[in-house]
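As a basis for the values below, the full set of heavy atoms in this structure was taken, side chains included, without hydrogen atoms, waters or symmetry mates. Nothing here was measured: the structure is a model prediction, and the numbers come from that model.
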Amino acid sequence: MKTFNVKDLNALEKRYRIALVNSVAGFKSANLIGTKSAAGAENLAIFSSLIHLGSDPALVGFITRPSKVARHTYQNIIETGVFTVSHVTASLRESAHQTSARYDAGISEFEACNISQEYLNDFPAPFVRESPVRLACTLEDDIHIPANDTRMIVGRIQSVYIKDGFLHADGYLDLAAAGVVAISSLDGYHTVSEPVRYAYAKPDKPIKRLPYV
Ligand SMILES: Cc1cc2nc3c(=O)[nH]c(=O)nc-3n(C[C@H](O)[C@H](O)[C@H](O)COP(=O)(O)O)c2cc1C
């Protein structure tokens with residue numbers, strides 16, 4: 001068994017450490033975050049740190065890296081208070097990955113990476129047209145994490161847009177059927193197979209598999 005203690009992790013070559021430590025938290029979500037600066041420059045970037053924070057109110061959060069270099073997504077969210085989330089599918093993944101390149105602020109990744117954009121219901125930030133699951137969010141909180149100078153952006157979900165055919169009768173959203181991919185480390189993209197679902201677990205009840213409908 002390979003073991004890394006804190007000293008070993010600190011001694012690793014930088015790229016190797018990034019790849020390893022980015023892997024150990026497990027599979028992550030693949031999302032494109034769309035923003036627009038106060039001056040009107042559109043921006044799109046891939047983020048794998050988006051997580052569910054709560055359902056009532058409906059909140060998501062994601063981590064943005066330290067602002068040692070310009071972080072356009074972060075700046076735009078602070079300027080405008082809004083952002084969109086568009087889930088990445090297998091057909092979007094190549095161009096989605098390309099959005100991680102450091103483009104100048106004046107360059108829209110929608111154009112540079114050939115991704116079509118769309119505005120929905122007067123929401124002021126752009127969505128990815130082809131994405132099957134999309135969220136409109138307003139900035140709820142901006143939390144500094146002193147340990148590594150990152151920030152958690154908390155977003156309040158204002159609208160959810162789901163293309164037809166993936167939403168089950170009980171509210172379960174079938175991301176696999178929608179073709180949404182998962183990410184491992186910083187460059188592994190996975191297509192996902194059909195889920196096995198279980199009923200709400202109770203101490204005195206046997207585990208029960210739900211029908212896949
Ligand atoms: C698979 C993948 C996941 C990423 N996830 C994050 C993330 O969660 N947080 C972050 O700050 N950057 C993340 N990045 C890096 C950003 O995509 C990259 O810094 C991008 O240039 C940010 O663009 P912006 O300056 O326009 O916001 C990720 C990159 C890749 C390839």
Side-chain angles (χ1 to χ4, degrees), residues 14-15 17-19 21-22 25 28-54 57-88 92-93 95-120 122-129 131 133-161 181-183 185-187 189:
K14 187 179 170 199
R15 288 276 137 204
R17 182 173 62 238
I18 290 172
V21 179
N22 263 287
K28 298 175 283 185
S29 60
N31 291 289
L32 285 161
I33 297 194
T35 54
K36 188 151 98 170
S37 71
E42 282 144 343
N43 194 85
L44 188 71
I46 187 159
F47 285 76
S48 60
S49 53
L50 191 95
I51 53 162
H52 164 81
L53 287 180
L59 297 175
V60 288
F62 71 93
I63 299 295
T64 177
R65 294 173 183 172
S67 295
K68 282 185 227 143
V69 295
R71 300 287 179 201
H72 302 137
T73 302
Y74 176 67
Q75 281 169 12
N76 293 348
I77 293 172
I78 295 305
E79 278 176 23
T80 62
V82 291
F83 65 95
T84 67
V85 174
S86 298
H87 285 236
V88 176
L92 275 168
R93 79 183 158 210
S95 30
H97 188 76
Q98 184 59 27
T99 66
S100 65
R102 210 171 286 156
Y103 290 99
D104 287 341
I107 294 182
S108 160
E109 288 82 1
F110 283 102
E111 278 173 32
C113 306
N114 209 13
I115 298 174
S116 24
Q117 71 177 36
E118 184 171 31
Y119 283 89
L120 296 172
D122 293 332
F123 195 72
F127 297 83
V128 173
R129 185 187 292 277
S131 174
V133 181
R134 298 175 290 179
L135 314 175
C137 298
T138 49
L139 175 64
E140 182 70 21
D141 219 335
D142 170 16
I143 301 164
H144 182 236
I145 299 169
N148 60 359
D149 197 24
T150 55
R151 311 191 80 89
M152 173 175 266
I153 299 298
V154 178
R156 187 181 280 247
I157 299 176
Q158 301 295 339
S159 307
V160 179
Y161 298 99
V181 297
I183 290 178
S185 196
L186 262 182
D187 52 16
Y189 291 82

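- The environment of CD in Glu111 is sparse: at most 12 heavy-atom neighbours from other residues, nucleotides or ligands sit within 6.0 Å.
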Glu79 and Ser37: CA distance, side-chain angles, deciding distance, side chain to side chain donor-acceptor pair (under 3.5 Å) verdict: CA-CA 7 Å; Glu79 278 176 23; Ser37 71; 4.7 Å; no
Working for side-chain contact (heavy atoms from CB on, under 4.5 Å), residues Ile115 and Glu109: CA-CA 8 Å; Ile115 298 174; Glu109 288 82 1; over 6 Å; no
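- Distance CG/Leu50 to CD1/Ile153: 11.5 Å, rounded to 0.5 Å.
- Remark: aromatic rings of Phe62 and Phe83 are close, center separation under 6.0 Å.
- Between Leu32 and Val88, the closest heavy-atom pair is CG-CG2, 3.9 Å.
- When every heavy atom of Thr150 is checked against every heavy atom of Arg65, the shortest pair comes out as CG2-CA, 4.2 Å.
- The side-chain heavy atoms of Leu59 and Asp141, taken from C-beta on, include no pair separated by under 4.5 Å.
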Full working for side-chain contact (heavy atoms from CB on, under 4.5 Å) between Asn31 and Leu135: CA-CA 10 Å; Asn31 291 289; Leu135 314 175; over 6 Å; no
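- Listed for the Ser185 side chain is a donor-acceptor partner under 3.5 Å among the backbone atoms of Ala19.
- Taking every heavy atom of both residues into account, Ser86 and Val128 meet most closely at OG-N, 3.1 Å.
- Heavy atoms of other residues, nucleotides or ligands lying less than 6.0 angstrom from CG of Asn114 number 12 at most.
- Minimum interatomic distance between Val82 and Pro124 (heavy atoms only, all atoms of both residues): CG2-CG, 3.9 Å.
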Residues Phe47, Lys28; criterion side-chain contact (heavy atoms from CB on, under 4.5 Å); working and verdict: CA-CA 9 Å; Phe47 285 76; Lys28 298 175 283 185; over 6 Å; no
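- The shortest distance between side-chain heavy atoms of Glu42 and Tyr119 falls below 4.5 Å.
- If you take OG on Ser108 and NZ on Lys36, they are separated by 10.5 Å, rounding to the nearest 0.5 Å.
- Shortest non-hydrogen contact noted between Ala136 and Phe127 is CB-CZ, 3.8 Å.
- Atom NE2 of His87 sits about 11.0 Å away from atom CZ of Arg134, to the nearest 0.5 Å.
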side-chain contact (heavy atoms from CB on, under 4.5 Å) between Ile51 and Met152, intermediate numbers included: CA-CA 10 Å; Ile51 53 162; Met152 173 175 266; 4.0 Å; yes
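- In this structure, Val60 and Cys137 approach most closely via the heavy-atom pair CG2-SG, 4.0 Å.
- Side-chain contact between Ile77 and Asp142: absent, with no pair of heavy atoms (C-beta onward) separated by less than 4.5 Å.
- Between Tyr161 and Glu118 there is no side-chain heavy-atom pair separated by less than 4.5 Å.
- Between Val133 and Val85, every side-chain heavy-atom pair lies at or beyond the 4.5 Å cut-off.
- In this structure, Thr99 contributes its side chain and Ile46 its backbone to a donor-acceptor pair below 3.5 Å.
- Rounding to the nearest 0.5 angstrom, the gap separating the CG atom in Leu92 from the SG atom in Cys113 is 11.5 Å.
- Side-chain contact between Leu44 and Pro126 is absent, with no heavy atoms from C-beta onward closer than 4.5 Å.
- To the nearest 0.5 Å, atom CZ of residue Arg151 and atom OG1 of residue Thr64 are 9.0 Å apart.
- We find the CG-CD distance between Asn43 and Gln75 to be 9.0 Å, quoted to the nearest 0.5 Å.
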